[in-house]
Q: 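Handing you a structure now.
Convention: sequence-line order gives letters A, B, ...; per-chain numbering from 1. All of these numbers come straight from a predicted model, not from anything done at the bench.
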Amino acid sequence: MIILGIETSCDETSAAVLKDGKLLSSIVSSQYFHSKYGGVVPELASRAHQKVIVRVVDEALNSAGVKKDELDGIAVTYGPGLIGSLLVGVSFAKAMAYGLKIPIVGVNHIEGHIFSTFLMDEHPDFPFISLVVSGGHTMLILVDDFLKMKLLGQTRDDAAGEAFDKVAKLLGLGYPGGPFIDKLAREGDPNFVKFPKPIPSAKGTEKTDESYEFSFSGLKTAVLYYLKKINFQNLDEEEKNKIVKNVSASFQRAVVDALVEQTIKAAKDFNVKNIAIAGGVAANSELRKTMKEKAESEGLKLFIPDLAYCTDNAAMIAFVGYIKLKNGIKSDFELAPIPNLKI
Amino acid sequence: MLGKFLTRSENETINLGREFSKVLKAGDVVALYGELGSGKTRFIQGVCKGLGVSEVVNSPTFIIMNRYEGRLKVYHFDFYRIDEVDEIIEIGFNEFIYNDAVSLIEWAEKVGEILPDSRYEVVLNFGSNENERIIEISKL
């Protein structure tokens with residue numbers, strides 16, 4: 001079964017071709033975007049998707065050596081994401097599937113991330129705990145099977161990647177903030193400032209599922225208070241550089257500790273032996289290292305996809321589409337984008 | 001429910017939002033102003049609670065806009081990452097705000113020129129103590 005996957009939920013236009021679950025090609029185009037915008041600009045994003053989608057799909061087919069009429073189905077992200085961006089991918093996929101008279105299947109972007117490790121040689125056995133952590137999401141999911149999963153908890157406010165971006169902004173660093181903080185933190189002291197742990201404090205009556213939640217907004221505010229307290233803006237350059245490194249390290253420590261703690265707790269509570277992490281923040285070197293150490297010491301196995309499959313890509317969408325079509329699940333031509341699609 | 005208020009904790013900010021939600025009617029637009037960490041999302045979480053939204057209301061910074069269903073329809077915008085007004089006009093912003101929903105807009109200063117003349121304004125500032133916020137609510 002040969003599947004074409006299409007992903008346009010945010011700023012990457014991506015297409016991939018998958019044959020019987022094995023990846024033949026994966027093209028990701030994000031060249032039209034520049035950090036000068038300080039992020040993803042929705043209208044520019046959807047316009048750029050329109051501009052490149054035909055070329056990206058052609059390139060994916062060409063480098064896979066697959067002709068359009070050999071396709072058995074098209075999988076497309078229909079949420080969550082930016083409405084305008086999603087609309088481009090969904091409309092394109094519907095038109096193409098209609099023209100080729102092949103089935104179309106809508107895929108949840110988060111499910112794509114959850115199963116991105118299945119594009120690798122090594123992937124977890126069921127059940128596993130998935131941590132999806134990016135600029136838009138921070139979620140823990142218990143995955144019993146390809147088609148059976150449960151959201152255990154998510155962020156109550158900002159996503160982890162968003163916290164990286166906003167703290168980077170407070171520190172006068174560029175966008176996206178994650179890589180800058182990751183790099184600077186290596187030269188800083190993670191114990192320099194004790195920031196609050198970004199996990200909501202438990203109250204006696206709270207529901208159990210809340211115990212897998214995160215809250216990064218307070219951490220962002222704590223960094224802000226700290227910088228105000230030390231009068232950061234008026235420090236000299238040398239002193240500023242030192243503070244930036246130390247605050248980066250301390251902030252990153254707090255984020256990583258919370259992500260690791262909640263993930264390990266979920267694995268233990270549900271007696272699950274495997275953990276998978278995905279999403280852009282899975283590229284963070286401190287998160288990878290700490291999660292690996294902690295998982296090993298608890299006798300758990302950790303799976304992280306290669307960097308290219310941590311960030312948004314159509315290969316993961318094609319994979320979930322393949323599983324769905326194999327199980328007889330498909331969409332009809334009424335398929336429409338859902339910006340806040342749930343698991 | 002107009003005037004200047006002092007809140008001493010995140011919960012008090014949420015409660016103030018909840019109180020304020022009682023004056024809101026279909027079609028109202030609420031513009032929020034305040035720095036990072038000043039409590040805009042918290043205030044909106046309170047408003048949404050008051051409007052009967054049961055799902056999680058988190059920051060839509062990344063996807064620019066969320067919609068919820070409560071007693072009224074709610075659109076929650078976050079223009080933190082927007083630089084130019086043009087960028088949001090074409091996403092259909094006007095169709096959203098001239099509508100029967102309540103529109104809550106974070107970082108409203110970025111789209112000042114295209115906000116409707118008739119709207120609520122909520123300005124959040126840091127107080128003298130760490131968790132204090134001074135929140136001024138007015139109607140234009």
Q: Report yes if some heavy atom in the side chain of A:Glu162 is under 4.5 Å from a heavy atom in the side chain of B:Tyr80; otherwise report no.
A: no
Q: Using a cut-off of 6.0 Å, state whether more than 12 heavy atoms not belonging to A:Lys197 lie near its atom NZ.
A: no
Q: Closest approach of A:Gly218 and B:Glu10, non-hydrogen atoms and distance?
A: CA-OE2, 4.3 Å
Q: Has A:Asn340 got a side-chain atom pairing as donor or acceptor with B:Arg67's backbone, closer than 3.5 angstrom?
A: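 Present.
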Q: Can you say whether B:Tyr68 sits under 4.5 Å from chain A via the side chain, the backbone, both, or neither, judging by heavy atoms?
A: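 Nothing of B:Tyr68, per the 4.5 Å heavy-atom cut-off to chain A.
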Q: With only heavy atoms counted, which part of A:Lys220 is less than 4.5 Å from chain B, the side chain, the backbone, both or neither?
A: side chain
Q: Mind listing the closest non-hydrogen atom pair of B:Ser59 and A:Asp158 along with its distance?
A: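 Heavy atoms only, the tightest pair is CB-OD1, 3.3 Å.
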Q: Is B:Lys139 atom NZ crowded by more than 12 heavy atoms from other residues, nucleotides or ligands, each under 6.0 Å away?
A: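 Above 12, so yes.
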Q: Give, as side chain, backbone, both or neither, the part of A:Ser9 having an atom under 4.5 angstrom from any heavy atom of chain B.
A: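 Neither part; nothing is under 4.5 Å.
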Q: Work out which heavy atom in B:Leu36 is nearest to a heavy atom in A:Leu224; give both atom names and the distance.
A: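 Where B:Leu36 meets A:Leu224 most closely, the heavy atoms are O-CD2, 3.3 Å.
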Q: Mark yes when over 12 heavy atoms from residues, nucleotides or ligands other than B:Lys73 sit less than 6.0 Å from its NZ; otherwise mark no.
A: yes
Q: Please say whether more than 12 non-hydrogen atoms of neighbouring residues, nucleotides or ligands are located less than 6.0 Å from NZ in A:Lys194.
A: no
Q: Can you confirm whether A:Gln154 sits close enough to B:Val56 that some side-chain heavy atom of one is under 4.5 Å from a side-chain heavy atom of the other?
A: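 Sidechains of B:Val56 and A:Gln154: in contact.
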Q: For B:Lys49, I'd like to know if atom NZ has over 12 heavy atoms of other residues, nucleotides or ligands within 6.0 Å.
A: no
Q: Working to the nearest 0.5 angstrom, can you tell me the gap between B:Glu130 CD and A:Lys229 NZ?
A: 7.5 Å
Q: Got a donor-acceptor contact below 3.5 angstrom from the B:Gln45 side chain to the A:Arg156 backbone?
A: yes
